[in-house]
Number of protein chains: 2
Amino acid sequence: MKKTTALAISITTGDARPVFRQIVDQIREQIGKGNLPPDSKLPSVRALAMQLGINPNTVSRSYSELTAQGLLGARRGLGVFVLEPQQQLSDDAQQQKLEEATKGFVNEVMYLDFNPQQIADHVLAELNKIKNR
Amino acid sequence: MKKTTALAISITTGDARPVFRQIVDQIREQIGKGNLPPDSKLPSVRALAMQLGINPNTVSRSYSELTAQGLLGARRGLGVFVLEPQQQLSDDAQQQKLEEATKGFVNEVMYLDFNPQQIADHVLAELNKIKNR
DNA sequence: TTAGGTGTACTAGTTTAACTAATACACTAC
DNA sequence: GTAGTGTATTAGTTAAACTAGTACACCTAA
């Protein structure tokens, strides 16, 4: 039987993001870094809920969102697994997503005392840390 | 007497961001693009509230936040003005802000079918559009 | 001095998203 | 049949966001 991979995530009180969003973001990050390879099994919604001290429905919501994004696959009676990377969005939708994300990011960093090249280099460095690219 | 600069912003229903946050972000963007040069006068909280169909307290909240960020200066009886750019954050706080913003951005774009260089180039292009850098 | 326009602050109420709790059902492997 | 798994629903609570109303302090022009 498939062994569950430990999930090194936590909830931060004071984080502006809702709890379910924090879970979504951290799991994406773990997958992106290769700490959760395809086919690995995640903790059950009840187990992760106990680990994080939250309600199983909240965990289920996070898993549902990641499933909708194509990162996870859930099977009743069996559990939740990391999927092989597969693209859910059309080319247009991806371009739009990139535009939107970039706009938000630029809005956050535009007034910092870094020049554009420094910021772009920093983004490139962080992206290059993601193993599966 | 100083003339009020028209403010080309709007509220988007369905946007996940709260209304006051949308206003903050759009004013930052207008300033960043040079559409609101230093010393220009923004609409009063009552006028902008009417323009956007929201409560003056909500506008006041947005203006307060931008004032705290050092982008705007408010004077009772006179109005709200764009300030000369000045840095509010220490070097460490700026570095931290860049790390945090980059992490969020990377989380959003990591699974798109673009390579790191493409994404970094796109960020650089958007940053170079901001005139005051 | 007054009127009109400006920002700021407070109280009270409403709305809505997020979360919890409980429960029940469907699926799977043993 | 049992234990463990995901999924869904209902009901309740909490807190953030927003509105409405009101009042006060400041500023300029007349």
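Each chain gets a letter, A, B and so on, in the order the sequences are listed, and its residues count up from 1.
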Problem - Pair B/Lys103 + B/Glu100, salt bridge at N-O below 4.0 Å - result: no
Practice task
Identify whether the distance between the nearest side-chain nitrogen and carboxylate oxygen of B/Glu29 and B/Lys33 falls below 4.0 Å.
Solution key: yes
Practice task
Would you mind reading off the distance between A/Glu65 atom CD and D/dT7 atom C1', rounded to a whole angstrom?
Solution key: 16 Å
Handout entry: d(CG, A/Asp15; P, C/dC19) in whole Å
Key = 11 Å
Exercise for the section: Report the nucleotide, chosen from D/dC18, C/dT8, C/dC19, that has the shortest atom-to-atom distance to any side-chain atom of B/Val45. Expected result: C/dT8
Practice task
Check the distance between D/dC18's P and B/Leu48's CG and give it to me in whole angstrom.
Solution key: 13 Å
Exercise for the section: Starting at atom CZ of B/Arg76, determine the distance to atom P of C/dG7, rounded to an integer number of angstrom. Expected result: 11 Å
Exercise for the section: State which of C/dT20, D/dG6, C/dG7 makes the closest approach to the side chain of A/Ile54. Expected result: C/dT20
Practice task
State whether A/Arg61 places a side-chain N or O below 4.0 Å from either non-bridging phosphate oxygen (OP1 or OP2) of C/dA18.
Solution key: yes
Handout entry: Phosphate contact (C/dT6 OP1 or OP2) by B/Ser44 side-chain N/O below 4.0 Å
Key = yes
Exercise for the section: Return the nearest nucleotide to the side chain of B/Arg46; candidates are D/dG6, D/dC18, D/dA23. Expected result: D/dA23
Practice task
Mind calculating the distance between CE (B/Met50) and P (D/dT19) to the nearest angstrom?
Solution key: 14 Å
Exercise for the section: Please indicate whether B/Gln96 has more than 12 foreign heavy atoms, meaning atoms of other residues, nucleotides or ligands, lying under 6.0 Å from its CD. Expected result: no
Exercise for the section: State plainly whether the residues B/Glu108 and A/Arg28 are in salt-bridge range, i.e. N to O under 4.0 Å. Expected result: no
Practice task
Identify which nucleotide among C/dG7, C/dT28, D/dT5 has an atom closest to any side-chain atom of A/Leu78, counting heavy atoms from C-beta outward.
Solution key: C/dT28
Problem - Side chain of B/Thr58 (C-beta onward), nearest among D/dG6, D/dC18, C/dG7 - result: D/dC18
Exercise for the section: Starting at atom CG of A/Asn55, determine the distance to atom P of D/dG6, rounded to an integer number of angstrom. Expected result: 14 Å
Handout entry: Whichever of A/Arg75 and A/Phe20 has its nearest DNA chain C nucleotide further upstream toward 5'
Key = A/Phe20
Practice task
Take atom NZ of A/Lys41 and atom C1' of D/dG6, then tell me their distance rounded to the nearest Å.
Solution key: 11 Å
Practice task
Calculate the interatomic distance between A/Phe81 atom CZ and D/dG6 atom P; express it in whole Å.
Solution key: 9 Å
Problem - Close side-chain approach of A/Ile119 and A/Phe105, heavy atoms under 4.5 Å - result: yes
Problem - Pair of N/O donor and acceptor under 3.5 Å linking D/dG6 base with A/Asn57 side chain - result: no
